[in-house]
Amino acid sequence: MSVYDHTKIEEKWLAKWEAEGLFQNTAQTDGAQNDQNKVYLLFAFAYPSGSGLHVGHVESKTALDILARFNRMNGKQVFFPVGWDAFGLPAENYAIKTGTPPAVTTKNAINTFRRQIKRLGISYDWDNELATSHPGYYQWTQWLFLQLYKKGLAYQGKGMVNWCPSCQTVLANEQVVNGQCERCGTEVIQKEMTQWFFKITDYKDELIAGLDQVDWPAATKQQQLHWIGKSEGAKVDFTLEAGSKSKQSRSLVCFTTRVDTIFGVTFLAISPEKFEEFELMELLTAEKQAEIKTYLEAASKKTEEERKIGEKDKTGVETGLFAMNPVNQEPIPIYLADYVLGGYGTGVVMGVPAHDARDYAFAQKHGIVVKRVIAPRVEAADQALSCPEPDYGIVVNSGEFSGLSSQEAMAAIPTAFPKAIEVATTYRLRDWLISRQRYWGAPIPIVYDPQGKPHPVKEEHLPWMLPTDVDFNPTGESPLKSSKEFVERTERLYGQGWRPEYDTMDTFVDSSWYYLRYADSRNEAEFASKEQLQKWLPVDFYMIGPEHIVLHLLYSRFFTKFLRDQGYLKFDEPFLKMRHQGMILGPDGKKMSKSKGNVINPDQIIEKFGADTLRMYEMFMGPIEADKPWDISAVAGIYRFLTRVHDRVLSGVDQTPTNSETTKAVRQKLHQTLKKVTEDIPALKFNTAIAALMGLMNSWDEGSVKSGAVLPAKDRVFVAQMFAPFAPFLAEELYQTLVQAKRSVHLQSWPAFDPELVVAQTTIIPVQVNGKVRSRIAIESSLVDNQAEILARAKTAEGVARWLADKKIIQEIYVRGRIINLVVE
RNA sequence: GGCCCGAUGGUGGAAUUGGUAGACACGCAGCACUUAAAAUGCUGUGCCUUAACAGCGUGUGGGUUCGAGUCCCACUCGGGCCACCA
């Protein structure tokens with residue numbers, strides 16, 4: 001028997017599998033038509049960063065690989081593709097710094113990742129590998145844009161956008177984090193530009209409803225819901241006062257979720273973004289006009305961060321105008337205030353300082369009356385308000401509605417004023433801004449005629465190639481403007497004076513449909529054939545980091561629903577089941593980062609201990625979804641374990657198997673372990689499956705050393721097969737050494753446990769007296785249903801009698817095969 | 001501020017979903033082997049106390065139950081996401 005030489009073993013089998021093309025070219029396989037029999041496993045699309053594979057990637061890839069191998073061994077047709085989210089800012093920023101074209105850095109990074117992932121033994125199907133920066137891929141990203149354009153779901157709009165001065169590009173609202181650019185952390189400012197949008201809001205209700213169809217973590221669904229932000233309330237029409245010099249009757253419409261507080265309205269506030277739309281300027285005194293202009297200008301220059309400071313300091317300007325409260329005809333003063341958001345609701349709010357914290361703060365600052373219309377929860381009813389009380393309760397000071405509950409009032413008030421108040425719903429979700437003033441992305445397939453009118457690029461001109469004669473250095477304008485070839489191409493194909501769209505698409509567009517392309521990644525005629533989509537989609541299991549919960553999923557679901565409506569897909573939701581992996585933390589318990597110097601390099605671990613050890617260690621660390629700190633001595637422990645497995649399985653192979661009681665006990669343990677592992681893998685409980693394998697080896701070692709137990713070859717093969725999903729290299733080595741088979745262990749069937757062997761002969765049942773364990777009795781397993789006999793034995797069991805002496809038993813509980821509890825007075 | 005998740009030995013974690021708390025592993029201690037060390041093997045290891053029995057013990061306080069790490073109520077701490085969304 002040889003020693004466990006992990007490097008030799010792993011490199012040997014890696015080369016063999018590669019030569020055989022194991023698990024390659026699976027997309028086109030027949031036999032996957034049956035839904036019951038196909039399993040599509042998907043790993044979150046990865047950005048090939050220059051720093052290579054991270055131990056965090058290893059965890060989720062290994063988890064999926066275990067599922068892939070286990071499902072294959074159980075007779076499923078498994079589709080386990082791989083690809084690269086290759087467009088994006090880091091490669092472009094690197095190009096700006098070094099002059100190396102993004103295409104080159106990206107290719108190098110992909111090569112590194114590919115080598116590392118293969119070395120790990122991840123059984124991806126590399127024949128379907130794709131990269132979003134490849135024209136054969138982005139041609140179909142552009143095609144998707146054109147389909148949306150045809151249906152009016154891709155449109156050009158002008159508006160205030162988030163602008164990152166460092167990245168020199170527009171950001172989606174979703175990419176602004178705490179007023180800062182998600183990528184580089186620079187303070188984001190507001191800028192007005194013409195941009196392309198996808199009309200995701202057309203699908204807002206379906207994006208909510210579809211969540212009922214999928215098996216996702218509840219928290220993830222909740223975040224999707226929150227992002228869509230459906231909010232039910234009412235729209236209230238406040239008519240401008242005649243006294244406001246208004247010629248015809250005009251009104252300000254507010255959205256509120258608390259129409260029950262409408263008698264408490266003491267001011268209206270308009271957002272700066274929306275102020276001009278209401279055309280109120282002409283109604284104002286010259287003095288007021290000047291004041292308001294100054295305020296509007298200042299507001300437009302504020303960064304997100306500055307507006308946040310306003311959370312404490314609520315600024316605003318009184319317009320001198322009044323509007324009439326429709327429920328009681330009271331004149332309400334109108335203010336301009338930047339705490340009101342332009343993009344939500346109607347951009348106007350009704351201020352109810354008594355029952356809203358923000359309105360209260362504003363009222364305090366501007367000396368506005370606070371009028372309480374919900375009865376206070378606490379007794380001291382006469383006490384003046386010192387803070388707002390936003391709770392629901394009993395409505396007071398509200399005319400005929402006084403005495404109703406908030407809920408009743410919210411129903412009754414709109415009914416009573418049908419002209420001025422209507423029930424309404426608003427959403428937080430806004431259309432998806434996809435234009436980026438960057439180079440390394442898919443060009444938006446639009447050309448402009450000499451009058452500046454946009455036209456779609458003809459489908460026969462796809463892929464609408466990303467030009468290469470480009471100056472990457474940021475100028476505040478799209479880098480594609482520097483390409484001569486791009487303009488020449490446009491004029492040649494569309495005519496003199498025509499110009500291309502210079503912006504590229506948000507990389508989220510690329511990465512929100514890749515799972516469809518995998519099914520037919522080399523198709524040049526369509527984004528994927530209907531047959532291939534039908535065969536593999538939807539995705540059965542998706543493993544994705546918690547950082548992609550909101551946007552990527554929302555956009556992917558939007559594309560899926562759109563393509564379904566166009567007749568390309570037959571399902572509503574792309575990802576049936578999804579789970580999130582946790583984070584692998586540094587040995588110090590903190591998030592790994594270069595600056596902290598706590599980053600673990602998987603290559604070094606593989607060199608020292610092997611890929612099998614790295615895989616098994618990461619699976620053994622704890623539950624897949626938890627954050628776990630790295631522990632190098634525990635890694636060494638796994639290596640010791642695999643060495644023991646190697647030595648034990650291969651030692652004594654030439655000896656005659658024994659049939660002693662010990663051997664039987666070890667074999668029983670083996671089948672119990674097999675049962676446990678078979679149940680744990682589909683439940684993603686890899687850590688306990690490995691613990692069970694360790695328990696088995698402990699029993700086997702002990703049985704061999706102490707009692708000379710020798711297991712038959714058949715059982716040793718079972719062990720090799722059980723290890724196959726976790727430690728594919730070692731498993732192959734053991735299997736091939738034992739049986740010298742032509743076919744890989746990974747092509748064998750998952751072994752079935754012997755149901756008779758799994759059942760224990762005797763069952764240990766703890767005996768409690770008043771809920772405390774005082775003894776344990778061993779019962780023949782055939783007796784577990786004989787309650788009378790078991791209770792009788794329990795009462796006389798050693799250690800129990802003394803607790804029953806002189807006491808009266810008032811209750812006897814027996815839970816079948818589990819526990820006995822004798823309750824005494 | 002809102003929502004979500006979590007808290008179990010020195011450490012990572014397990015616990016059949018209300019039924020033996022601490023599986024499995026790391027670490028540590030002792031022993032064996034060795035001239036010595038490493039490696040390996042064996043033994044022990046929740047706390048307190050002991051010769052033993054007993055007692056205590058899953059963040060804190062209460063509750064439901066024959067029985068609570070698990071369910072309910074209140075709180076403390078830690079983490080994540082969102083955040084002036086009317």
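Computed over heavy atoms, backbone and side chain alike; hydrogens, waters and symmetry mates excluded. All chains are named by letter (A, B, ...) in the order of the sequence lines, taking the proteins before the strands, and each is independently numbered beginning at 1. Keep in mind it's a predicted model, so treat the numbers as computed, not measured.
- Phosphate proximity of B:A86 to A:Lys314: absent, as no side-chain N or O sits under 4.0 Å from OP1 or OP2.
- Close to B:A68, at under 4.0 Å from its OP1 or OP2, lies no side-chain N or O of A:Lys772.
- Under the side-chain contact (heavy atoms from CB on, under 4.5 Å) test applied with A:Ile584, the options A:Asp627, A:Val58, A:Val55 reduce to a single match, A:Val55.
- Taking only side-chain nitrogens and oxygens, A:Tyr339 never comes nearer than 4.0 Å to OP1 or OP2 of B:A86.
- A donor and an acceptor atom, one from each side chain of A:Tyr427 and A:Ser231, are nowhere located under 3.5 Å apart.
- Counting distance only, with no hydrogens placed and no angle test, the side-chain atoms of A:Arg818 and the base atoms of B:U16 include a donor-acceptor pair under 3.5 Å.
- For A:Lys628, the NZ atom counts as densely surrounded, since its 6.0 Å shell holds more than 12 non-hydrogen atoms of other residues, nucleotides or ligands.
- Whole-Å rounding puts the A:Met694 CE to B:G13 P distance at 15 Å.
- Judged purely by distance below 3.5 Å, without hydrogens or angles, the side chains of A:Asn786 and A:Arg793 never pair a donor atom with an acceptor atom.
- Listed pair A:Arg640 / B:C26 meets the phosphate criterion, a side-chain N or O lying under 4.0 Å from OP1 or OP2.
- B:C26 and B:C81: their P atoms are spaced 34 Å apart (whole Å).
- The nearest whole Å value for the distance from the CZ atom in A:Phe609 to the P atom in B:C26 is 12 Å.
- Taking only side-chain nitrogens and oxygens, A:Asn687 comes nearer than 4.0 Å to OP1 or OP2 of B:A14.
- The interatomic distance linking A:Tyr639 (OH) with B:A39 (P) rounds to 13 Å, in whole Å.
- Going from the C1' atom of B:A21 to that of B:A15 covers 7 Å, rounded to whole Å.
- Using atom C1' as the reference point in both B:U16 and B:G9, the two lie 23 Å apart (nearest Å).
- If you measure from atom CD1 of A:Ile638 to atom C1' of B:G12, you get 11 Å, rounded to the nearest angstrom.
- For A:Val773, counting side-chain heavy atoms from C-beta on, the closest listed nucleotide (B:A21, B:C82, B:A15) is B:A21.
- One atom, CD of A:Glu625, and another, P of B:G13, lie 11 Å apart when rounded to the nearest Å.
- Distance, A:Asp631 CG to B:C24 P: 18 Å, rounded to whole Å.
- One can place CD1 of A:Ile813 at 16 Å from C1' of B:U20, the figure rounded to the nearest angstrom.
- Between the C1' atoms of B:A68 and B:C3, the separation comes to 28 Å (whole Å).
- Side-chain atoms of A:Asp359 and A:Tyr339 form a donor-acceptor pair, as typed in the model, at a separation below 3.5 Å.
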